[in-house]
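This report refers to the structure that appears directly beneath it.
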Amino acid sequence: MSRVPDPATLAAMFGLAGRVALVTGGAVGMGRASAVALAAAGATVILADEEARLPRAREIAAGIEGAEAVAVDMTSEASVAALFADIGDRHGRLDILVNAVVLNHNRPTLEIDAAEWDHVQAVNLRSAFLATKGAVPLMRRAGGGRIVNMTTIGSRHPVLHGNGAYSASRAGLNQFTLNCALDFAADGITANAILPGAIITETVAADVPRSGPGTDRARMLHGYGAPEDVAGAVLLLAGPAGRYVNGQMIAVDGGFLLS
């Protein structure tokens, strides 16, 4: 005989009522899916993205009760500092940070220059550093918090040709995540990374020519994934059920790394 899930038990494990969550890169892809999932669990969600995507972020926020959208340059120390000052002034706390801003970059190493390399690192790694620096004081004020960083399975194993700059930035974020897990554990703050596999989003099309083992759909359960496939892992790490998970690299890749 099947058992009917107890709503109170599920709420105690995954409910986020009263929590404030910031999702960077919240207008598209896994950031968007994460924001929607966190809001569905009861969190007050702030979607942050670049100025050009603010209309899209506002459109998403309009469909979520209590959500808001803000424009920010995540590579700018001043812009990020202003964002967290505003969150502190208006909300007084921050419980969840999802670093989902991403620059998907696929160009052969010998064809990029130092400026292009630096830009990839700035968007994909510096942004998470700046966000974490702004978030931790607000999390301490709240008595703890959760940091969830989106990286890639390409940070663990090469999957596409021409992903050198991108994969290096994500590998750096993995290590930064581990150090945050160690440094802030005494504050009741956990830090974990989600390593998505071949997730098709608004910025990653399935039909763009690529080469490498990561293009083999047969190596992935259900083939290519969707942003919503990652949102469940975000809920686990952000909610009460994830209180004992810290410093972990969780691959959401349909079994690609295993294969």
Do Glu228 and Arg32 meet the salt-bridge criterion of a basic N to acidic O distance under 4.0 Å? yes

Less than 4.5 Å apart, side chain to side chain, heavy atoms only: is that true for Leu97 and Val148? no

Answer yes or no: is there an ion pair linking Glu116 with Arg107, defined by an N-O contact shorter than 4.0 Å? yes

Backbone N/O of Gly164 and side chain of Ser167: donor-acceptor pair under 3.5 Å: no

Within the distance-only criterion (no hydrogens, no angle test), does the side chain of Thr24 pair as donor or acceptor with the backbone N or O of Val101 below 3.5 angstrom? yes

Indicate yes or no: does Glu50 engage Arg56 in a salt bridge with an N to O separation below 4.0 Å. no

Rounded to the nearest 0.5 angstrom, the OG1-CG distance for Thr44 and Leu16 is 10.0 Å

Looking at Asp187 and Arg140, would you say the former's side chain and the latter's main chain have a donor-acceptor pair under 3.5 Å? no

I'd like to know if the side chain of Ser79 pairs up with that of Asp73 as donor and acceptor (distance under 3.5 Å, no hydrogens or angles considered). no

Distance from Asp113 atom CG to His119 atom NE2, nearest 0.5 Å? 11.5 Å

Side-chain donor-acceptor pair under 3.5 Å between His105 and Gln121, yes or no? no

I need the Leu195 CG to Ser155 OG distance, nearest 0.5 Å. 4.0 Å

Measuring from atom CG of Asn99 to atom CD1 of Ile194, what distance do you get when rounded to the nearest 0.5 angstrom? 11.5 Å

Has the side chain of Arg126 got a donor or acceptor atom that lies under 3.5 Å from a matching backbone atom of Thr75? yes

If you link I, L, V, M, F, W and Y whenever their side-chain heavy atoms are under 4.5 Å apart, who else ends up in the same group as Trp117? Ile112

How many angstroms lie between OG1 in Thr152 and CG in Asn104, if you round to the nearest 0.5 Å? 8.5 Å

Could you tell me whether the side chain of Arg146 and the main chain of Ile189 form a donor-acceptor pair under 3.5 Å? no

Run the side-chain contact (heavy atoms from CB on, under 4.5 Å) check on Asn192 and Asn149 step by step: do they pass? CA-CA 6 Å; Asn192 295 283; Asn149 293 324; over 6 Å; no

Short side-chain to backbone donor-acceptor contact, Asp49 and Leu54, under 3.5 Å: no

Give the intermediate values and the outcome of side-chain contact (heavy atoms from CB on, under 4.5 Å) for residues Leu138 and Ile87. CA-CA 9 Å; Leu138 295 178; Ile87 292 173; 3.9 Å; yes

Atom pair CD1 (Ile64) and CG (Leu38), whose distance is rounded to the nearest 0.5 Å: 9.0 Å

For Met30 and Val234: C-alpha separation, side-chain torsions, deciding distance, then whether side-chain contact (heavy atoms from CB on, under 4.5 Å) applies. CA-CA 10 Å; Met30 290 172 281; Val234 174; over 6 Å; no

Would you indicate whether the side-chain heavy atoms of Thr190 and Val245 approach each other to under 4.5 Å? no

Show your working on side-chain contact (heavy atoms from CB on, under 4.5 Å) between Ile96 and Arg19 and close with a plain yes or no. CA-CA 7 Å; Ile96 301 161; Arg19 267 74 159 198; 4.3 Å; yes

Flag, side chain of Gln248 to backbone of Asn246, donor-acceptor distance under 3.5 Å: yes

